[in-house]
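Report on the following structure.
Lettering follows sequence order; numbering is per chain, from 1. Values below: every heavy atom of this structure, side chains too, minus hydrogens, waters and symmetry copies.
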Amino acid sequence: MTPDPTVYAIRAPKQVPLNQVDQELSRIWATQDDGQLKTRASTFNLIVFSGGVALDLENTIGAVAVQYPCRTLAIMDDPTAPADTVATEVTAYCPLGSGGQPAPVCCEYVTLRATGNALHELYTTVLPLLIPDLPTYLWWQGIFMPTDSLFSNLRVLAERLIVDSGTPGTAADLTTLDQLPTDQAIGDLNWWRLAPWRELTAKAFDNEGRLAALSEVHRVELEYVGPNLAQPLLFLGWLSSRLGWQFQEQWDNGAVVFSGPQGEIEAVWREVPGTTVGALATVRLLINNERYLLIRSGVIADCVQLQLEEEGQCTFEQVTALGELRLDELLAQELQTNSQTDPYYREALAMACTLSAP
Amino acid sequence: MTTLLQNPLRAGLRIDRLPKPVIMVIFGASGDLAQRKLLPALYDLARERNLPSEFTVVGVGRSPMSDDQFRDRMHEGVQGHSRDFVPQVWEDFARGLFYFAGDLNQPEFYGELRTYLEELDTKRGTQGNRVYYLSIPPSSFPVLLESMVTQGMAGTPETVRIIVEKPFGRDLKTGQELNAIVSRVFHEDQIYRIDHYLGKETVQNILVFRFANAIFEPLWDRRYLDHVQITVAETVGLEGRGKYYEEAGALRDMLQNHLMQVLTLVCMEPPAAIEANTVRDEKVKVLRSMVVMDAKDVALNTVRAQYSRGFLGGKAVPGYREEGGVNLESITPTYAAVKLHIDNWRWSGVPIYLRTGKRLAKRASEVSLHFRESPSHLFRRYSTHPTTDVLALRIQPDEGISIRFDAKVPGPDITMRPVNMDFRYGTTFAKKSPEAYERLLLDCLYKDQTLFARADEVEYAWKVVTPIIEQWTQGTPADLASYEAGTWGPKAADQLLNRDNRHWRRL
């Protein structure tokens, strides 16, 4: 494996028998003689499942090691792994700080490769490898299969399930997520990608004078880079649930209609070309005949721009950096949040599912 | 002053509230503080979407400057000192920066300023809300404050706040006078006395460490503690502030404010709630319980010193009296060590040693709690380095907490060695802490005074420090010890502890 260039392995990954994982990790920490202090601090366990699709191990390692000292158990569905057994590799990664110097925040990294039955029964292997008495998160990167025994067993071990409904190819299906028990804590990285859009939309109406205009929104137009629809659906799910709109029907042209406190609201979304698959590109709220709110990316590099147009004039403008959308930053935000599941995410998810399959 | 959840779209967002639209008027905006600290902090708050889009800054100063010149000047500061500079966000933020030149000592200037701010209210939608930041010498306060009253600019706690930078006076008398001047115009709820030390994450963590964990607090009193040390050591010299420092010295510059603030957080009782006045009530109780020294105590329990030339970081550095703006016969102390007592149920008999100085061996700020010896002598003869247990809260650098205790060296014999159990912020949380000014300015916009000093807090701190200042002022140059730059201070400071059979912790 080739880790992210911003991290380095304290020692090359080494194959060890399963029962010697802890001893090997202790050996790694005990033999640091490069003069750099590396404290064996841990804040949580992270179980990462990378299924049988294109893996993104480099980013996984970088994302975790750069942010927190923790123990990562990376489970790989590897058809080349020996049958009925689990191949184990152990190492530890530290991020490179400014000037290329190793930083002291390090991450223990245990890779478990298995296939077939060995994979499906892997959770009993995972159990003794967890650092006791620390929170455990399950980051499910593979194809999302809630009936899969490995998934259902690992899910129970973890305080929170982390998924990404926006990852091309391995996107967690919104409907499947919505069907998980309500007490299942879910963190969707795609929800964090929407944060700047949600915050800017909210900000436009913070002003007491403009707050009343929220009830005058009568049309929502969304543009996104296809084919993944999760972002526009979650955004619309959030907006409609927050504003108390009720879904009414979907027209033949694809538009959906809500009923709101002040009447009907029509919402449409369409695909536009772009490089960031699944990303929202434009949000336009038509407030009345003379006013609309426009939020769009791509006009100013790495930023989202908000403009409120009233009677042909821009009366309010704001620019926000999209600087926190890298995988490691999204994961960091998810791991920093205290709440188990954002209740507004569940609300938005439920509405998004209604819209995707009316 | 906050827009809470009236906006249904705010619910559940990372920032579920924003300060109300406001103009921050910075008096003394052409100075270093605005460029190096205030504007970078405000920009970082804006970049992280913590400020309303109407947020406006008006720099006020004597130097004539256009808005664009002011923006260019602040651009340099923000680019150099912000945590993450994004040019596009700066462009957006800079549209809310303005400059208004004038003579602060002329009462008529304030009428013009008021009119200008009212015009900006219309243009920027700031609704008459103001934060006045006084980055000017206290000598300019009387005209400014009286003119604000005349011009009806003082508002109410809901609409107007004022931030005052230290020094909050020079001693008890001037501290009281300054408080009286400010409080004639502003209600205490409107006054934010800023001490940037309180904005540091690790200082705030003292409260979390003490009151969110059950294992430490039972040990935190005279039954288990032998003494407490608080050190704020600097390696820097005067950095061009010779004139100011000659007037201030180590007591006024550091001890009366930064060290006393840390002391109160370490020694206070648990507050009823984390609210401005409940926290500050407890801090004031500590200050009120402190034993005020008489002349004899000052001679016995304090050490003052001045650095002479020496070597720091491999470079020769001048002595204090060779620095620019310093009198050749100056007796201003650049080092202070003080032994204090708190006469209350928790701390009686536990001395608190404070030390601070410039041009010391290392930049380090730390609080250490030194425990009493274990009551039994079971293992004393086995110890290679007889020590007592220490709990250290490191404020900077390497922010963290460490506990030193004895452990058995593996082997057939009983041999003991002290070991350190170390928690470092840097190895546990990779997230960068916001700058102290970010936290404090945002708190002020949210009308939260918890991390700002209250009038009585400042006055009680002066009450403890003023007798020392008075005695030191009456002393002769011979009373002033000397220490070589790059060392840990004068021998007299070591003797202050050695006399009590203790020693300063090596940092």
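- If you take CZ on B:Arg130 and CE on B:Met24, they are separated by 12.5 Å, rounding to the nearest 0.5 Å.
- A donor-acceptor contact shorter than 3.5 Å links the side chain of B:Asp121 to the backbone of B:Gly128.
- With a 4.5 Å cut-off on non-hydrogen atoms, B:Glu91 does not touch chain A at all.
- Only the side chain of A:Leu214 has a heavy atom closer than 4.5 Å to any heavy atom of chain B.
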Dump the intermediate steps for salt bridge (Lys or Arg N to Asp or Glu O under 4.0 Å) on A:Asp206 and A:Lys203, then the final yes or no. CA-CA 5 Å; A:Asp206 279 334; A:Lys203 201 165 195 175; over 6 Å; no
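- Ranked by heavy-atom pairs shorter than 4.5 Å toward chain A, the options B:Ser53, B:Gly125, B:Pro52 are led by B:Ser53.
- The CZ atom of A:Arg242 lies 10.0 Å from the CG atom of B:Asn7; values are rounded to the nearest 0.5 Å.
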